[in-house]
Student: 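Sharing a structure below in structure tokens format, with a few things to ask.
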Amino acid sequence: MAGLLKKTPFRYALNAVTAGGLYVIIMALINDNVLNRYQALMLIPIGFNIILAVSLNLSAGFLGQLPLGHAGFMSIGGYSAALLSMSLSMPANVELPLAIVFGGLVAAAFGILIGLPALRLRGDYLAILTLGFGEIIRVVILNLEFTGGANCLRGIGKQTTVTWVYIFVLITLFVITTLIKSRHGRAVLAIREDEIAAEASGIPTTYYKVMAFSVSAGFAGVAGGLYAHYLSILDPSTFGFMRSAEILVIVVLGGLGSIFGSVISATVLTILPELLRDFNDYRMVIYSLMLVMVMIFKPSGLCGRYEFSLGDTLDGFFTSIRRQLGKGGPTDAADS
Amino acid sequence: MPPILDVSNLGINFSGLQALDDFNIQVSRREIVGLIGPNGAGKTTVFNLLTNVYSPTMGGVKLKGRNTLGKATHKVTQYGIARTFQNIRLFKSLSVMDNVKIALHNNMSYTLLEACLRLPSYWKQEAFATKTCMELLSVFDMEGMADSPAGSLPYGAQRRLEIVRALATNPKVLLLDEPAAGMNPSETADLMRTIHDVRDKFDVAIILIEHDMSLVMGICERILVLSYGLIIAQGTPEEIRNNPLVIEAYLGQQGSE
Amino acid sequence: MALVYLLINGLQIGSIYALVALGYSMVYGIVKLINFAHGDIIMVGAYCTWYLMSRFSFPAPAAVAAAIVFCAALGVLIEKIAYKPLRNSGRLSLLVTAIGVSLLLQNVSQLIFSPNPRMFANIFTGTVTIGDRQFSSATVVTIAISLIIMVGLTLLVKYTKIGKAMRTVSEDNETAQLMGINVNNTISFTFALGSGLAAVGAVFYCCSYSQIQPTMGSMLGLKAFVAAVLGGIGSLPGAMVGGLCIGVAESLTKGYISSKLTDAVVFGILIVVLLIKPSGILGLHRNEKV
């Protein structure tokens, strides 16, 4: 077993089986009414928040830049996807993925467009510039005819299902994890660690900054598409700076540079406000207080840069069991 | 045989301050050249100009006849000029292996799509990179540290890792910025041997900035002395040792008291 | 509306932005933090003045003075509790903490004062006639007092001991400490000063918009921040110039283009300036040493 756990193909299979198993469990919980309708609907915001957080983590945690306009890309993706699906008349299960991929691509294209000038700047200036772009996108949407302007874009098909969200979350996680563990991902990490040294090691830093930024924007667009087809209405005022800040909060709380942390944090921070619904008046106060507390006592976020790996965890688990069993016996050395 | 690196009339002006002026040097294949001079003489500036970290205000740089002046730093590196930094610039929180693999970036060619789909090209090139990486590390006796974070290495090992990383880009000219800084005499002696080995094994020309005179005099075939942005002397170690201008630059005007 | 009125209106709102931008700029200069909670300090100042005047019928000057003191104290308190422990742990965590504090201030005041807007009676009633034109006294007082404050602040930073300490700390925190400057006190003073100015800005803001709301600080804060960046963040004259530019640009947009597009114009200016001269109009460009 231990030998098998170190083999890459087996690990891929293990992850695939776990992902499938988790899906079966979730669907069973919904179908057997263990989760009520309301709780089942909560799964969708959890899903798109995971996509938003993981994608922002790519540029904030792995690339080490600080974009404050993630909601802008989300809105671009959302509006593009919604406008496409509203103009099509295909079965929901064909139309939705098409619309969402389209939304993602448009957002990614805007990512390149905005990233090219923005990423010439460093640190805080980049943050401010993306903040500015985010606000402009919002104001422009507010004043355009075909986006519905301040009257909101209405009548978008309610096509987002738990299954589709689950699929897109898996795709996001898979793409971003595999990206990080490739030569492209290493280039991105090198830029975070030391841009000048990265350049001196032969990395075209501008190219990789724009690439990471645009992939990040693209997935924000995907989340926007899911969001649009979940609410069936898009209101430009919900994509302001506070929304971008909210996503950033999820990422930093989970740990910059930890995909696992983003997933956990997105889940907790989506459910938490709902759990606090009984203290409705105090809900946001408790939420913001917790945020400040976590930052003061654990500034690296809850997970730091820790990454969860099922293979490693099981491997560690079996090794420790074997140690326990093999105490005093000679089997330990022979086995490994 | 034509020089591998031909620098002519290189200079830069930092808003009025001429930090380097009329810098000329021809480096032949496998030559080791020392660059010395008092603090602030413009030695590191030469490296920054050669790698285009700063853009020169004048001059020309040719590597094997190809013009590299004004090309982006990563292009210059790809053409074959690699460097280390005076105040070590490693990718500190990444593993030693990743530090080297980053420099092997351009040795691999798989695309983003191939990486995300984990196609055979990804596996093949990554496996090859790992192998190359371990070979390079073993030249410096560092293969045992491959998985440690670069920032956790002892000082001397960090300096060596910077050299390994520079070599991984497959350079023709290697620029070493104070490689012996902070080392004790026995470490410095080891480093001298290593630099010789590197030259022979990797077939590179080396320019090195160093304050440790035993190292400079010990391994350099030719030495250039900079003072206030100008070359004030050049020649063999023996000639430099006895050059009155050099002594004056380092010790100041004699007999003024 | 006549161009003169648009310009004067622009200068009025611009001086408010400038007062708030000064706070952003000073704090950024000294701790390198974009203090997102600064906008909400304005809101606190506004509520404080309104509360004292409407509930305890304080005379206006006393209420304003109390609000300034309260905001200054709050600014120092926030720095001590939330920012100081994080001084050495990365700018992102500091920034997120600032966002957290901003949310906290907004939500606490929603809890206390309800999310509904309140009416704020103008303190400066009447008009002033200059030449043959009439201006509301709020406009004249806002511009005049802001100018006085800015001149005073410049003198303070340039010539007093604490001002020199502020400049030293923003240049190099550690060296300042080695030179015997009490860094903690200097930082506290900066926060107090910035927050006090925010309270003054709040009062002027309320006088021209006559309405207060727990979320009023976010947009005002963002624009003031844009003003600080525009002028060159960390530079005091820059903050003033930036504030006035943003105010005038906004007023002209409202007058000649469309009041809906003011925000887009403000952020558009920001982007153009950042791309052409990232260090702002009066900021200094610093090269990274390799």
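These values consider heavy atoms only, across backbone and side chains, with no hydrogens, waters or symmetry-generated copies.
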Student: Would you indicate whether C:K80, at its atom NZ, is surrounded by more than 12 heavy atoms from other residues, nucleotides or ligands within a distance under 6.0 Å?
Tutor: yes

Student: Could you check which of C:L94, C:V229, C:D263 has the highest count of heavy-atom pairs closer than 4.5 Å to chain A?
Tutor: C:V229

Student: Spell out the residues in residues 212-224 of chain C that have some non-hydrogen atom less than 4.5 Å away from a non-hydrogen atom of chain A, in order of number; otherwise answer 'none'.
Tutor: C:M219, C:L222

Student: For C:M26, which of C:N35, C:L236, C:V31, C:I233 qualifies under side-chain contact (heavy atoms from CB on, under 4.5 Å)?
Tutor: C:L236

Student: Give the intermediate values and the outcome of side chain to side chain donor-acceptor pair (under 3.5 Å) for residues C:S102 and C:H38.
Tutor: CA-CA 8 Å; C:S102 158; C:H38 193 63; over 6 Å; no

Student: Which heavy atom of A:S75 sits nearest to which heavy atom of A:I137, and what is that distance?
Tutor: OG-CG2, 3.7 Å

Student: Checking heavy atoms, do the side chain of C:I271, its backbone, both or neither come under 4.5 Å from chain A?
Tutor: both

Student: Show the nearest heavy-atom pair for residues A:V263 and A:T267, with the distance to one decimal.
Tutor: O-OG1, 2.6 Å

Student: Provide the closest heavy-atom pair for C:T168 versus C:A176 in the form atom of the first, atom of the second, distance.
Tutor: CG2-CB, 3.9 Å

Student: Under 4.5 Å, heavy atom to heavy atom: which of residues 233-256 of chain A reach chain C? Give them by number, or say none.
Tutor: A:F241, A:M242, A:A245, A:L248, A:V249, A:V252, A:L256

Student: Using 30° and 60° as the class boundaries, would you call the ring planes of C:Y47 and C:F113 parallel, tilted or perpendicular?
Tutor: parallel

Student: Considering non-hydrogen atoms only, spot the tightest contact between A:T205 and A:I191 and give its length.
Tutor: O-CD1, 3.6 Å

Student: Side chains of C:S251 and C:N9: do they bring a donor and an acceptor to under 3.5 Å?
Tutor: no

Student: Non-hydrogen atoms of chain C under 4.5 Å away: do they reach the side chain of A:L68, the backbone, both or neither?
Tutor: side chain

Student: At a heavy-atom separation under 4.5 Å, does A:L129 approach chain C through its side chain, its backbone, both, or neither?
Tutor: both

Student: Just say parallel, tilted or perpendicular for the rings of C:Y209 and C:Y205, cut-offs at 30° and 60°.
Tutor: parallel

Student: Check the pair A:I259, A:L58 against side-chain contact (heavy atoms from CB on, under 4.5 Å), reporting the backbone distance first and the verdict last.
Tutor: CA-CA 9 Å; A:I259 294 172; A:L58 178 62; over 6 Å; no

Student: C:I99, C:V101, C:L111: which one forms the most heavy-atom pairs within less than 4.5 Å of chain A?
Tutor: C:L111

Student: With respect to chain C, which residue among A:G134, A:A127, A:S288, A:S300 yields the maximal number of heavy-atom pairs within a distance under 4.5 Å?
Tutor: A:S288

Student: As a test of understanding, state which of A:L116, A:V188, A:L126, A:L119 forms a side-chain contact (heavy atoms from CB on, under 4.5 Å) with A:F213.
Tutor: A:L119

Student: Chain A heavy atoms under 4.5 Å from C:I34: which part of the residue, side chain, backbone, both or neither?
Tutor: side chain

Student: Can you tell me how the ring of C:F36 sits relative to the ring of C:F225, calling it parallel under 30°, perpendicular over 60° and tilted otherwise?
Tutor: tilted

Student: Check each atom of C:Y83 against the heavy atoms of chain A and say whether the ones under 4.5 Å are side chain, backbone, both or neither.
Tutor: neither

Student: Given heavy-atom pairs under 4.5 angstrom as the criterion, report whether the side chain, backbone, both or neither of C:L95 touches chain A.
Tutor: side chain

Student: Which heavy-atom pair separates C:A82 from C:T97 by the least distance, and what is that distance?
Tutor: O-CG2, 3.7 Å

